[in-house]
Amino acid sequence: MTARGRKRPGSLRCGLSVLICSIGAFAHAAQATGIPPDPGRTIAEASPPQWPVRPKPAMNAPNILLIMTDDVGFGSASAFGGPVPAETFEQLARDGLRYNQFHTTALCSPTRASLLTGRNPHNASMGTLTNTPTPFEGYTSVIPKTTATIAQILSRQGYATAAFGKWHLTPEWEMSEIGPFDRWPTGMGFDYFYGFLAGSTSQFTPALYENTVAVDPPRDDPDYILDQDLADHAIRWIAEQRAIAPDRPFLAYYATGTAHGPHHAPREWLEKFRGRFDDGWDAMREEIFSRQKSLGVIPKDTVLTPRPASLPAWSSLSGDQKRLAARFMEAYAAALAYSDHQMGRIVQHLKDQGEYENTLIIYIQGDNGSSAEGGIAGLIDEMGVVEGVDENLEYQLSMIDKIGTAEAYNAYPAGWGWAMNTPFQYYKQVASHFGGVRNGLVITWPDHIRARGAVRSQFHYVSDIAPTILEAAQIDAPEVFDGTQQRPMDGISMAYSFDAQAAPSRRRTQLFAMVQNLGIYHDGWWAGTRPAKAPWELLMPGKVDLERRDWELYDLGSDFSQSRDLAADRPDKLKTMQELFWAAAGQGNVLPLHDSSEAAANRPSLTAGRTSFTYRPGITRISENTAPHTLGNSFAITAEIEAEDSPANGVLATHGGRFGGYAFYVKDGSLRFHYNTVAERQYRIVADKALPANARVLEARFDADSRRRGTGGTLTLLVDGRVVGR
């Protein structure tokens with residue numbers, strides 16, 4: 001008789017002994033490997049219990065308030081001789097230090113990536129805007145896990161963290177309601193976010209997010225404006241932190257979108273600047289230059305650089321052109337002054353809470369130089385430069401009283417951008433010259449910085465801010481973060497300069513490369529290329545022959561403003577600097593040099609390959625990048641309806657808004673389609689007969705003349721298959 005299907009008496013004992021042996025071996029192995037031993041079956045037998053411990057910051061670790069404005073040149077704000085009164089910036093400068101050789105990248109997204117990661121922008125894969133990425137490693141706009149942000153590092157060490165205002169660091173194909181959210185603020189170390197993701201937004205009707213949820217600004221508040229809203233949220237968040245965990249330090253990153261276009265401000269602030277700029281940009285630049293010398297923010301022997309040949313003299317403008325240009329500048333000044341006023345409320349709150357003395361405040365006035373993207377004449381609708389549409393003077397004059405209000409998306413003429421970068425050449429986008437990359441910086445920390453109202457002239461770059469914050473917080477940059485080996489920070493802490501005015505700069509070399517404008521700094525010398533195209537020429541082909549670039553050379557030790565090109569006099573030095581540039585470019589993910597239009601194919605997209613989109617009732621807002629791409633395409637919109645009212649009214653579909661887009665709708669029983677190209681270019685097609693009571697299928701069909709952005713075409717309206725308008 002076999003034992004198959006039966007239990008033998010010894011089998012259980014043998015199995016149990018094996019189990020006991022295994023447990024014993026595990027306990028022995030656990031002791032050898034540091035794994036906790038058996039906790040015991042009762043509390044009496046258990047090892048001493050421990051609660052999970054949250055990391056604690058260093059004793060007396062400072063709060064960090066990191067402020068960055070947008071498109072504000074070196075000579076814009078009053079603390080650096082500018083015409084725009086920025087009282088908060090001035091007050092902090094009196095309490096701390098002004099840096100007159102601090103540099104950004106010449107564009108928004110790259111500066112912000114470098115600021116938060118401590119790496120050069122190309123090493124954070126942000127060598128261009130999130131709007132114009134390419135598939136090369138330095139340009140994808142996908143910040144890698146190898147470059148943890150300052151918020152992630154501080155949060156892991158016990159800091160509370162929040163971001164307010166402009167982000168502009170999320171790849172466009174990830175900017176949707178379904179994420180992924182890894183590169184949204186809350187995915188990059190910030191506990192809380194309130195602001196907008198794109199490069200710009202209206203101050204009156206902003207496209208806002210709270211954390212990852214879209215929120216609408218109040219529609220019943222005629223006085224609503226974003227800069228005040230951001231300050232309200234920042235003050236509330238700080239107050240909550242102090243109330244709930246008063247010993248826990250915080251990082252507040254406050255990056256208002258001001259003064260990037262549109263230049264918006266409350267009406268009473270617009271009125272404050274009436275007539276202030278009637279003398280024009282040439283005279284204003286002279287005034288700024290004189291004040292800068294008086295303040296000591298530029299050396300006494302600095303030379304004021306001349307106006308670029310591409311810009312008109314103020315005296316060459318007609319009376320109407322001058323009146324319009326002055327009004328554009330009034331809006332810019334009002335926007336910047338009002339934004340600074342709101343920042344003052346945050347600083348005052350810190351004082352009221354007793355937090356000011358131990359708060360390291362870093363106030364960067366601009367993420368690049370002032371912009372020239374408004375072109376020669378300025379724009380009522382800044383989107384015109386993207387579409388390649390010029391505005392005629394008659395239209396602009398008809399809108400002059402709308403400048404700075406909710407009814408305009410205005411940007412000032414390039415001449416003002418040049419003036420706001422006094423004493424330097426050029427403007428935003430031009431990384432090869434200080435007009436594009438040198439920005440005013442103020443740092444104050446009353447408990448630790450003894451100097452008051454002093455100027456520091458060490459050469460520094462935006463990547464240096466993150467290491468400065470870490471040193472102040474007594475935190476080392478991690479070699480590994482969340483299991484990922486980290487790329488070393490390119491930045492150098494600026495803390496050595498706090499109490500050492502004469503200390504030599506610890507940054508000896510820095511590469512600059514943006515929109516194919518190239519520059520290199522090394523030990524007091526600068527070499528850079530002459531700009532190949534103007535910033536307002538966005539739609540021009542960007543490819544530049546590498547062998548035909550014109551290089552310039554400057555000795556910064558004797559030429560603060562880059563006024564004397566020494567390339568012809570010192571060809572040997574220029575060659576050395578060029579070789580240094582190409583070596584640094586090769587090591588820093590800058591190569592290959594290219595224009596975004598050369599490598600835009602197959603960009604990631606949630607809409608790629610789709611030819612049909614269906615939206616059902618309840619969907620009220622989706623991100624632009626997940627909507628159908630109608631530009632340069634033929635398309636049809638079909639709506640199945642049940643008309644309950646007579647005459648019928650309602651919007652069937654709308655894409656965009658006041659400053660560009662379309663609407664397909666029924667008004668007073670009439671089917672309509674409105675196409676808002678930009679500015680005065682408005683097209684409305686109206687059905688020639690009223691909508692029948694039994695209408696069920698409404699259609700708008702657009703047949704494009706060609707497959708290119710901005711093409712014309714024919715729009716046809718149909719009701720139940722019958723043409724009713726074209």
Side-chain angles (χ1 to χ4, degrees), residues 33-35 52-64 66 105 109-127 136-161 163 169-171 180-191 248-251 253 360 362 460-498 505-511 583-590:
T33 59
I35 299 173
V53 178
R54 181 182 178 86
K56 290 186 177 181
M59 185 70 68
N60 296 320
N63 303 312
I64 312 293
L66 177 58
T105 73
S109 302
T111 290
R112 293 159 196 271
S114 187
L115 173 72
L116 294 179
T117 67
R119 280 81 172 183
N120 290 336
H122 296 82
N123 284 336
S125 298
M126 197 68 70
F136 297 103
E137 182 178 354
Y139 300 86
T140 64
S141 80
V142 180
I143 297 177
K145 302 296 184 183
T146 55
T147 59
T149 70
I150 192 73
Q152 289 172 309
I153 297 169
L154 290 177
S155 178
R156 195 62 55 86
Q157 295 299 318
Y159 268 72
T161 59
L169 290 175
T170 304
F181 300 110
D182 307 49
R183 277 165 284 272
W184 289 49
T186 52
M188 301 195 76
F190 290 102
D191 303 328
R248 185 185 183 194
F250 64 79
L251 163 67
Y253 171 48
L360 172 62
I362 299 172
H460 279 289
Y461 188 67
V462 65
S463 64
D464 298 337
I465 297 298
T468 304
I469 291 173
L470 290 181
E471 182 171 345
Q474 303 174 55
I475 296 172
D476 294 327
E479 295 183 4
V480 176
F481 189 86
D482 274 354
T484 301
Q485 188 73 34
Q486 295 294 289
R487 177 188 290 274
M489 287 192 176
D490 300 304
I492 299 167
S493 173
M494 302 168 65
Y496 73 92
S497 68
F498 288 173
S505 174
R506 293 186 182 178
R507 174 166 291 289
R508 298 185 56 199
T509 306
Q510 181 60 48
L511 176 142
Q587 296 169 5
N589 289 323
V590 176

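As the structure is a prediction and not an experimental result, all values here were calculated from the model.
Looking at residues two or more places apart in sequence or on another chain, you find a ring-ring contact (aromatic ring centres under 6.0 Å, His included) between Phe250 and Trp237. Taking Asp490 as the reference, nothing meets the salt bridge (charged side-chain N to carboxylate O under 4.0 Å, His left out) condition, with sequence neighbours excluded. In this structure Thr146 satisfies the side chain to side chain donor-acceptor pair (under 3.5 Å) test with no other residue, sequence neighbours excluded. Checked against salt bridge (charged side-chain N to carboxylate O under 4.0 Å, His left out), Arg508 has the following partners two or more places apart in sequence or in another chain: Asp523. With sequence neighbours left out, the ring-ring contact (aromatic ring centres under 6.0 Å, His included) criterion links Phe136 to His594. Partners of Asp182 according to the side chain to side chain contact (heavy atoms under 4.5 Å, CB included) rule, which considers only residues two or more places apart in sequence or in another chain, are Lys145, Pro180. With sequence neighbours excluded, no residue satisfies salt bridge (charged side-chain N to carboxylate O under 4.0 Å, His left out) with Lys56. Applying the side chain to side chain donor-acceptor pair (under 3.5 Å) rule to Thr111 yields the partners Thr105; only residues at least two apart in sequence or on another chain are considered. In this view, Thr170 and Trp167 satisfy the side chain to side chain donor-acceptor pair (under 3.5 Å) rule, not counting sequence neighbours. Here Arg156 pairs with Asp482 under the side chain to side chain donor-acceptor pair (under 3.5 Å) rule; sequence neighbours left out. Shown here are the salt bridge (charged side-chain N to carboxylate O under 4.0 Å, His left out) partners of Arg119, two or more places apart in sequence or in another chain: there are none.
Heavy atoms only, all atoms of each residue included: Pro467 and Ser463 are closest at CD-O, 3.1 Å. Of all heavy-atom pairs between Ala473 and Pro62, the closest is CA-CD, 4.1 Å. Of all heavy-atom pairs between Phe190 and Leu251, the closest is CE2-CD2, 4.1 Å. Smallest separation of non-hydrogen atoms from Leu169 and Ala113: CD2-N, 3.6 Å. Among all heavy-atom pairs drawn from Leu511 and Tyr461, the shortest one is O-OH, 4.4 Å. Taking all atoms of both residues into account, the shortest heavy-atom contact from Pro249 to Ala61 is CB-O, 3.8 Å.
Of the possible polar contacts, none joining the Ser114 side chain to the Pro110 backbone as a donor-acceptor pair under 3.5 Å is found. No side-chain donor-acceptor contact under 3.5 Å links Gln587 to the backbone of Ala585. Arg248 places a side-chain N or O within 3.5 Å of a backbone atom of Gly158 that can act as its donor or acceptor partner. Between the side chain of Thr149 and the main chain of Met188, a donor-acceptor pair closer than 3.5 Å is present. With hydrogens and angles disregarded, a donor-acceptor distance shorter than 3.5 Å links the side chain of Ser125 to the backbone of Glu137.
Rounding to the nearest 0.5 Å places CG of Leu470 at 3.5 Å from CD1 of Ile150. Within the model, atoms CD1 of Ile143 and CG of Leu116 stand 7.5 Å from one another, a figure rounded to the nearest 0.5 Å. Rounding to the nearest 0.5 Å places CG of Asp191 at 13.5 Å from OH of Tyr159. Rounded to the nearest 0.5 Å, atoms OG1 (Thr161) and CG (Leu154) are 8.0 Å apart. Rounding to the nearest 0.5 Å places CG of Asn120 at 11.5 Å from OG1 of Thr147. The distance from atom CZ of Arg183 to atom OG of Ser141, rounded to the nearest 0.5 Å, is 8.5 Å.
The aromatic rings of His122 and Tyr139 sit perpendicular, their planes meeting at an angle over 60°, well past the 30° parallel limit.
Under the side chain to side chain contact (heavy atoms under 4.5 Å, CB included) test applied with Asp464, the options Arg506, Met489, Met494 reduce to a single match, Met494.
The side-chain hydrogen bond (donor to acceptor under 3.5 Å, both in side chains) contacts involving residues 467-476 comprise Glu471-Ser493, where partners must be two or more places apart or lie in separate chains.
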